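For reference, the structure is listed below as structure tokens.
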Amino acid sequence: MSAPIALVDCNNFYASCERVFDPRLRGKPIVVLSNNDGCVIARSNEAKALGIAMGEPWHLCKERIKTQGVMVRSSNYTLYGDMSARVMEVLSHFTPLLEVYSIDEAFLGLAGFENRLEDYAQSLRAKVQQWTGIPVSVGIGPTKTLAKVANRTAKKTPAYNGLCILIEKEAQTKALSAIELEDIWGIARRTAEKLKAIGIKTPLDLRQADPKAIRRNFGVVLERLVLELCGLPCHGLELSPAPKQSICVSRSFGRPVTRLEELSEALSAYSERAAEKLRRNGLAAGYVTVFLQTNRFRPDQPQYSPSAGLALPVATADTATLLRSGNEILRALYKPGFRYKKAGIILPDLIPQTETQGALWGSPDTPERQSLLGAIDTINRRHGRQTVRFAASGVQRGWQMRCDQKSRNYTTAWSELVSVT
Amino acid sequence: MPPLPETTAPLPCEARIHHRIPVYQCPVPAGFPSPAEDYLDRPLDFNELLIAHPAATFAVRVSGESMIGLGIFPGDIAVIDRALTAQNGSVILAVLEGAFTIKILRRKGDRVWLEAANPAFKPVEINEASQFEIWGVVRHTIRMLAA
């Protein structure tokens, strides 16, 4: 018998974060919009009940949603990131085996708690709710895949009170018989269609399939999934995050951008952010790629979405070097006469900062530069992002994302605290 | 499941910020090591004083005068600890009818009141119809006396 694995998932995480600090949102339908207020990316249960779909473009559902009394928020990732860290911190009190899987999900190894899984999981739910205000659901199974199924079952079945345990074979069978192939973690629609074509129509069929045959037809990933459905763990907990392979910072603009100067400002801001991420992870970049995109949803407008890259002589985490290289590429890519929708910088080839090697025409970032940039990072951490920045990233920033309905940074800025009487 | 946005801090991360105030500092004169060197201690950490449960601690700004009798004034920052359980007599941050308010919790039998620390405010009894929630316990207040 393998050790139980729990998947803890925050319920409607972004909507729940907004609700913690704004009591007027309690019990009301809430939607949260993506960066740039593009589409709906999170819904409270009440909003789901109104039939608002995930990914609905905001400009299409705006009018309808407003008449339904739905509260709307632009995404506030500063707040969600802080609340996520708090939730993960509370979870870490329950096991040393914690894999933070995404901003609102974590896998927990529960070896040693086999005899009191239910009590333990319910006390975990209660503690996260009390300490952070965020409601969570817990699914427990012998494998990550079954823990995912359990979590889904817990969410969909109110009578389960936010917890579903699929340790017994019969319980697994019952849960699997209530879902579709596409509901299983890691099965895309296309794969599901192919499986159905060869007679594997349900999750139970898939569990009974011959793993070796699945491997021949679909590859090792799906074979592992079959084994996981049978209760044989193939995916262990990843307790230390894998080092980043690449960094990408890109954003859609708040409005179409046509001028090179504005593109350059935006790209500089993204480069600054990318460099900051490099330093936070102790990495250096040896290659820079820049891309531009026009709006592909406007086929009536001329389209141009180029990208190009440049190898750096010496890997660096210095903002100034990345700014220069990025802008050099941008000037080569830019053509007037297009309405650009998005730009971005990709650093695809990262090495640890300590392993950078000098070259004939350059040396690694000097200690003086490193401490200067370290000081900038510290100031920005303490006094808020963008307190100190490179002038190249602009002052007016007309291209910035729209976030018209963003809540305050209640947990990270002294000037934005909740006001109480 | 929303994708991990690029703006999040690396996870997991600690919710507290270290801010140190040195209580002992002495440049070491060449040739004469400081006699205190062996006795150097860690500087006072105000987080230790103010934050018992980092993940459960939040700050809010006071704007009303209902608690001036307990020395809680408009403009003060109240440090709220959600890990503490409110008792009879606790100063709490409550949500009452959709608004945040700091009051004293009073319980007697099955009955619950929110009491102000200012005679101008009458106690409010909580009943079945009230939209009421205890958000957290007020553990400290902080007031700036000089800039």
Side-chain angles (χ1 to χ4, degrees), chain A residues 9 13-14 20-27 32 34-35 41-42 54 75 77-78 80-82 84-93 98 100-106 127-128 130-133 241 247-251 273 277 280-281 381-382 385 410-411 414-421, chain B residues 1-19 53-67 72 74-85 92-103 116 121 131-136 138 142 144:
Chain A
D9 190 354
F13 181 56
Y14 297 171
V20 170
F21 299 96
D22 190 348
R24 292 167 305 169
L25 302 178
R26 310 277 163 99
V32 177
S34 62
N35 269 342
I41 50 164
M54 196 71 168
S75 37
Y77 286 118
T78 308
Y80 310 152
D82 179 71
S84 170
R86 290 167 183 267
V87 170
M88 300 307 168
E89 152 81 19
V90 177
L91 294 181
S92 74
H93 301 178
L98 176 70
V100 176
Y101 182 68
S102 72
I103 193 168
D104 60 352
E105 292 171 289
K127 187 165 177 181
V128 175
Q130 187 191 334
W131 282 42
T132 68
I247 284 175
C248 170
V249 179
S250 72
R251 300 275 192 286
R273 181 85 187 110
K277 284 191 183 185
R280 201 173 58 205
N281 290 286
R381 261 198 306 276
R382 190 167 300 166
R385 284 169 55 187
Y410 304 109
T411 59
W414 289 115
S415 57
E416 299 185 32
L417 300 181
V418 168
S419 176
V420 310
T421 59
Chain B
M1 168 195 84
L4 195 64
E6 68 82 29
T7 49
T8 28
L11 303 172
C13 76
E14 210 190 5
R16 66 199 266 181
I17 304 157
H18 289 282
H19 201 79
H53 310 100
T57 299
F58 297 85
V60 300
R61 180 83 58 181
V62 178
S63 69
E65 298 191 340
S66 66
M67 295 297 286
I72 303 177
D76 289 359
I77 287 172
V79 179
I80 314 296
D81 191 338
R82 291 181 57 107
L84 302 179
T85 304
I92 61 164
L93 177 62
V95 176
L96 186 61
E97 310 304 346
F100 282 115
T101 181
I102 292 181
K103 291 286 178 294
F121 293 77
Q131 199 224 3
F132 170 72
E133 175 197 322
I134 297 174
W135 201 88
V138 180
I142 303 171
M144 184 91 88

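Keep in mind that this is a model prediction, so the values were computed, not measured. Throughout, a chain's letter reflects where its sequence line sits, starting with A, and its residues are numbered from 1.
The part of B/Q131 that comes within reach of chain A is its side chain, from C-beta onward, which places non-hydrogen atoms under 4.5 angstrom from that chain. When heavy atoms are compared at a cutoff of 4.5 Å, B/I77 approaches chain A solely by way of its side chain, counted from C-beta outward. When heavy atoms are compared at a cutoff of 4.5 Å, A/T132 approaches chain B by way of both its backbone and its side chain. B/L93 touches chain A through its side chain: at least one heavy atom from C-beta onward sits under 4.5 Å away, while N, CA, C and O do not. Contact of B/E133 with chain A is made through the side chain alone, with heavy-atom distances under 4.5 Å.
Summarising the geometry of B/F100 relative to A/S419, their closest heavy-atom pair is CB-O, 4.4 Å, with the distance given to 0.1 Å. The two residues A/R86 and B/A55 make their nearest non-hydrogen contact at NH1-O, 3.1 Å.
No option in B/T101, B/I102, B/L96, B/V62 other than B/T101 meets the side-chain contact (heavy atoms from CB on, under 4.5 Å) test with A/T421.
Between the B/R82 side chain and the A/Q130 main chain, a donor and an acceptor come within less than 3.5 Å of each other. A side-chain donor-acceptor contact under 3.5 Å links B/W135 to the backbone of A/V20. With hydrogens and angles ignored, the 3.5 Å screen pairs a side-chain donor or acceptor of B/R61 with a backbone N or O of A/W414.
For the set A/E416, A/R381, A/R24, A/R26, the entry with the most heavy-atom pairs within less than 4.5 Å of chain B is A/R26. For chain A, the option among B/T57, B/T85, B/D81 with the highest count of heavy-atom pairs below 4.5 Å is B/T57. For the set A/V420, A/V87, A/L91, the entry with the most heavy-atom pairs within less than 4.5 Å of chain B is A/V420. Heavy-atom pairs under 4.5 Å with chain A were tallied for B/G98, B/A83, B/S66; the largest tally goes to B/A83.
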